[in-house]
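Each chain gets a letter, A, B and so on, in the order its sequence line appears, and its residues count up from 1.
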Number of protein chains: 2
Amino acid sequence: MRIAELAERSGVSAASIKWYVSEGLLPAGERTGYNQTDYDDDHLARLRLIRSLVEVGGLSVAAAKDVLSAADDPDHPFGNTLGIAQASLPRVAVPPSQESLRRVADVARRQGWTVHDGNPGLVAAAVVLDRYLALGRDDLAAVLPAYARAAEVVAEADIDTISKKLDAGPATAAQTVVVGTVLGDALLAGLRRMAQESESVRRFHPGSPS
Amino acid sequence: MRIAELAERSGVSAASIKWYVSEGLLPAGERTGYNQTDYDDDHLARLRLIRSLVEVGGLSVAAAKDVLSAADDPDHPFGNTLGIAQASLPRVAVPPSQESLRRVADVARRQGWTVHDGNPGLVAAAVVLDRYLALGRDDLAAVLPAYARAAEVVAEADIDTISKKLDAGPATAAQTVVVGTVLGDALLAGLRRMAQESESVRRFHPGSPS
DNA sequence: CGCATGTCGAGAGTATCACTATCGATAGTG
DNA sequence: CACTATCGATAGTGATACTCTCGACATGCG
């Protein structure tokens, strides 16, 4: 298909498509003449993926590029793909304190987890814990064990989904990791908001109708 | 304290502090003369809160302002404070499909939740589900029940923390909601990343050392 | 064959965000 | 009484994510 059709079907303007190609997020179409380029359904799928990561996952275009390159690389280990999104976020380079890192690692240990020292999630969690403490809200840190239990439930479902895709080829498995991780955070956050409302009603307004 | 000291102690430049004041995120200090304004520890705490929401929570300054105004309003119901952050995100106004909304609501019902139709989490979750389907990844939707169970564990801990702060005054409780919700998403995402690594090692490389 | 329309990549332009810098007047400090 | 800090207002900056314009040229309808 030509760029106009790709733009129409994806909902992304032709100018933006060209820009994504030049930025390296989207492979170029096949040139069939001086001013003709042919795009196929793979390009359409890729565009949808890009838009999902950016619009729903909240990634910057640069971060989406990094994540997608990692997913595209057949030699790239799964474990790292997830971390790249985190590392690509416009995070201010404030490393967490050793104390918070230790506390989070401690929770992981109690949970029976095997977690590498440089795990980006560990760093991210420690940064959050630092903020709780800086805000004088040590009480909020008490949620850590409960959150860890919940994270384990989520991760089991995640790895379950990925393991079912391993025989569908590494590309599909990698895409599962990317989509499941980035959009999964948003999904989980949404469900959390729902559960909060429900739990809040249950505790503070018992007996009131739905 | 003067603005220079506030800047020094908060790590935010004096120019930025002035800007936050003019944007309405931070209350103005007390003018003590033509070019003298006095700030106190409340301003410092507020600045730390703003920076945490923006840097760690990923809120835009405008979104942080909305969330903080909601938290500041003594008449504002808790239940809504959480939703404001979600609604303030630079979300493209693509409403979810009825089908996805129904599916998510269905999961909530099976979980025994009482969730309002307009709950922002419900909308956010449905949007994610729509993307899964648009990407042809119906299999990813299978994680919904597991995620819902995890969300319930998290929400119980959240409401637990808030209920302990109810007698500390509505302002503290509201701040707990804001911080716990916004930073809590980041904390949970980090722990999820850790649990994923651990679960991945457990399943695919059993017996290997940590 | 003529010609409206579509397409090409390059590059310039635009909108938004989150600051940052500069200004002259003036207040406090040693 | 020199000097530094501060005031609010306003202009400027750099990053991000596009969007527009350009002239050359291909395609397809009549």
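- Atoms CG and CZ, from B:L188 and B:R193 in turn, are 9.5 Å apart once rounded to the nearest 0.5 Å.
- Side-chain contact between A:R48 and A:S10 is absent, with no heavy-atom pair separated by less than 4.5 Å.
- The side chain to side chain contact (heavy atoms under 4.5 Å, CB included) test applied to A:V61 returns A:W19, A:Y20, A:L25, A:V54, not counting sequence neighbours.
- For residues 13-35 of chain B, no pair satisfies salt bridge (charged side-chain N to carboxylate O under 4.0 Å, His left out), with sequence neighbours left out.
- Protein atom CZ of A:R31 is 11 Å distant from nucleotide atom C1' of D:dC25, rounded to whole Å.
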Check: protein-nucleotides 12-15 of chain D nitrogen or oxygen pairs below 3.5 Å:
none

Open item on the list: Evaluate A:Q175 against B:R137 for side chain to side chain contact (heavy atoms under 4.5 Å, CB included), listing each step before the verdict.
Closed with: CA-CA 10 Å; A:Q175 202 216 39; B:R137 300 308 306 274; 2.9 Å; yes

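- In this structure, B:D130 and B:V94 have side chains that are not in contact, with every pair of non-hydrogen atoms separated by 4.5 Å or more.
- Less than 4.0 Å separates DNA chain D from no heavy atom of any residue of residues 38-49 of chain A.
- Between A:V61 and B:T37, the residue whose closest nucleotide on DNA chain D is further toward the 5' end is B:T37.
- Rounded to an integer number of Å, the gap from OH of A:Y34 to P of C:dC8 is 11 Å.
- DNA chain D is contacted by B:R2, B:I3, B:A4, B:K18 of residues 2-25 of chain B, taking any non-hydrogen atom closer than 4.0 Å.
- In this structure B:D73 satisfies the side-chain hydrogen bond (donor to acceptor under 3.5 Å, both in side chains) test with no other residue, sequence neighbours excluded.
- For the pair A:S163 (side chain) and A:D160 (backbone), a donor-acceptor distance under 3.5 Å is present.
- Using a 4.0 Å cut-off between charged nitrogen and carboxylate oxygen, A:R102 and A:E99 count as a salt-bridge pair.
- At whole-Å resolution of the value, CD in B:Q36 and C1' in D:dT4 are 11 Å apart.
- Shortest non-hydrogen contact noted between A:A126 and A:P96 is CB-CB, 3.5 Å.
- Look at CG on A:N35: it is 13 Å from P on C:dG6, rounded to the nearest Å.
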- [ ] Let me see the working for B:K164 and B:T161 under side chain to side chain contact (heavy atoms under 4.5 Å, CB included), right down to the final yes or no.
- [x] CA-CA 5 Å; B:K164 281 179 191 147; B:T161 308; 6.0 Å; no

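- In this structure, the NZ atom of A:K65 is 13 Å from the P atom of D:dA17, given to the nearest Å.
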